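Quick caveat: nothing in here was measured; it's all calculated off a predicted structure. Just the heavy atoms: all of them, side chains too, but no hydrogens, waters or symmetry mates, feed the values below.
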Amino acid sequence: MGLSHRTSPLELLERASLDPAGMERLRAVLRSSEHLAESVVVATCNRLEVYAEALTFHGAIDSIGTALAEVSGVPRDELVAYLYVHYEDRAVAHAFSTACGLDSMALGEGQILGQLRSALAAAQECGAAGKSLNQLFQQALRVGKKAHSETAIDRAGPTLVEGGLALCERELGDLRTARVVVVGAGAMSSLAATTLVRSRITDVVIVNRTRAKADHLAASLGLRSADWADLEEELAAADLVLACTGASEHVITAELAERLAQARQGRPQAYIDLAVPRDVAPAAAEYVTVVDLAVVGEYLSAGGGGEPAVAAVRDLVTAEVADFIVLRRQTAVAPIVAALRRKAAEVVRAELERLDAKLPGLDDATRREVENTVHRVATKLMHAPTVRVKELASADAAGDYTTALRELFDLDCRTVAAVSVPSGPGWTT
């Protein structure tokens, strides 16, 4: 359940975006819900999603919607218009498609794999991810890697940075002679700087609040870095600015953009804003060309392309979802199978103890042969029910059968539950 660039305007995504403290609070609120067994929060520049193993469907939806509204500060009534919900096989398909880059603004982008991995790790660390979501996310990561290694999806379209550069080139001309400032030194800034160098744009300076991070990124690419105190001076000299910080407020305000425009005396300047919340105030567009994620998204969507690669990945996702659903159904019947086998073992043990009491003088060789015979009989009797319940699980028809097994063999529900839920703090890893 969540919202993304496909369903929500950038302004709402911006308001719903969460800083690290907000993410921690959201995870805590979700963990406290009586309707959720597990939860993982995925937050990127163009999505905020909650994956959950629900104990009650409508209760889970209500809990997640309330949590998103409470933590983000966006009124629930406003959020509802943009939230989407996927469940069971559609939720699995969404997770796999997202991992493959099919749901990204830049088709096939690989950053989402790292973001999904980080989301799972955070949920594991706080105890929110259990067996189901661990299984889902680990498989999603495998499917995503498979898509990138076995299809051409990562070459199906331009990246966000490439799309932004293409748009700004219309305004500024050949960017290889442009002076560029990259504001920020995180993952997106690193991608931006790397893309610039690969595009043979080398007059680039990295400016970041923490100078050491700017120095490190600049040195790795043979670029220049500067102090945060010199930001305005560097911006005034730049033709192109790529802004992608994690700031909660605008880094380039309308007032700053106006001062820069005056200092540049009519020389054109463009900003690529890849941050959410936005680094460049919307009002700054009065003084400079601003290309934000919404503009880049429209450009990339209009470009099309990548159809063969997309079709190949969709086929891959379809097959992987089918396999995962079968595995999930088989896993769901595993507790009843384990309980059935445990029941059989208890009966065998009790009967052998009774035999020992009645025939205490039985020699060891005969005792072993009797024990082996009894075990073989029990195993053969259990074979057909256990195989059949797994077959029915693959066809999504195991529910009534497992209930019948529980009743026919008088299996204690508490015993079944005991083999359903792993114990101990480390089981999620």
Side-chain angles (χ1 to χ4, degrees), residues 1-7 38 40-53 84-121 123-124 129-163 187 191 296-297 300-332 390-391 393-396:
M1 181 173 176
L3 62 161
S4 74
H5 67 283
R6 295 190 182 279
T7 64
E38 306 174 29
V40 174
V41 180
V42 176
T44 71
C45 63
N46 51 33
R47 78 180 65 248
L48 176 60
E49 296 179 334
V50 175
Y51 290 80
E53 178 74 2
Y84 47 81
V85 178
H86 304 303
Y87 61 94
E88 288 300 328
D89 55 340
R90 288 185 60 190
V92 176
H94 182 74
F96 290 3
S97 297
T98 298
C100 294
L102 289 184
D103 198 55
S104 296
M105 189 175 287
L107 183 64
E109 59 95 8
Q111 275 189 306
I112 188 62
L113 286 172
Q115 292 163 334
L116 291 177
R117 191 177 295 109
S118 296
L120 176 59
Q124 288 173 332
K131 184 177 180 180
S132 291
L133 293 185
N134 268 286
Q135 188 180 51
L136 173 67
F137 273 72
Q138 294 292 355
Q139 187 61 23
L141 291 170
R142 283 191 284 270
V143 173
K145 291 177 183 177
K146 192 173 182 180
H148 285 282
S149 64
E150 297 184 5
T151 75
I153 191 61
D154 54 354
R155 301 184 298 277
T159 65
L160 291 175
V161 178
E162 290 169 340
L191 174 62
V296 174
L300 295 178
S301 298
E307 285 82 2
V310 170
V313 174
R314 283 179 176 158
D315 288 344
L316 170 66
V317 168
T318 299
E320 293 286 351
V321 169
D323 290 345
F324 184 85
I325 293 298
V326 169
L327 175 63
R328 179 174 168 85
R329 289 169 181 164
Q330 290 177 341
T331 301
K390 289 180 180 179
E391 290 174 347
S394 300
D396 193 24

Between Q139 and D323, is there a side-chain heavy-atom distance shorter than 4.5 Å?
no
Going by the side-chain hydrogen bond (donor to acceptor under 3.5 Å, both in side chains) test, which pairs reach into residues 106-119, not counting sequence neighbours?
S104-E109
Return yes if some donor-acceptor pair links the side-chain N/O of E53 with the main-chain N/O of E38 below 3.5 Å, else return no.
no
My understanding is that only residues two or more places apart in sequence, or in another chain, count here; which of them pass ring-ring contact (aromatic ring centres under 6.0 Å, His included) with H94?
Y84, H86
Do the side chains of F96 and L136 get nearer than 4.5 Å, heavy atoms only?
yes
Taking every heavy atom of V41 against every heavy atom of A119, the minimum-distance pair comes out as O-CB, 3.2 Å
Ignoring hydrogens and geometry, is there a side-chain-to-backbone donor-acceptor pair from R47 to D103 under 3.5 Å?
yes
Report yes if the side chains of C100 and I153 come closer than 4.5 Å at any heavy-atom pair, otherwise no.
no
Do any N or O atoms from the side chain of S149 and from the backbone of K146 form a donor-acceptor pair under 3.5 angstrom?
yes
List the atom of L48, the atom of A43, and the distance in Å for their closest heavy-atom pair.
CD1-CB, 3.9 Å
Shortest non-hydrogen contact from D154 toward T151:
OD1-O, 4.3 Å
Result for side chain to side chain contact (heavy atoms under 4.5 Å, CB included) between L107 and one of L102, L300, V313 points to L102
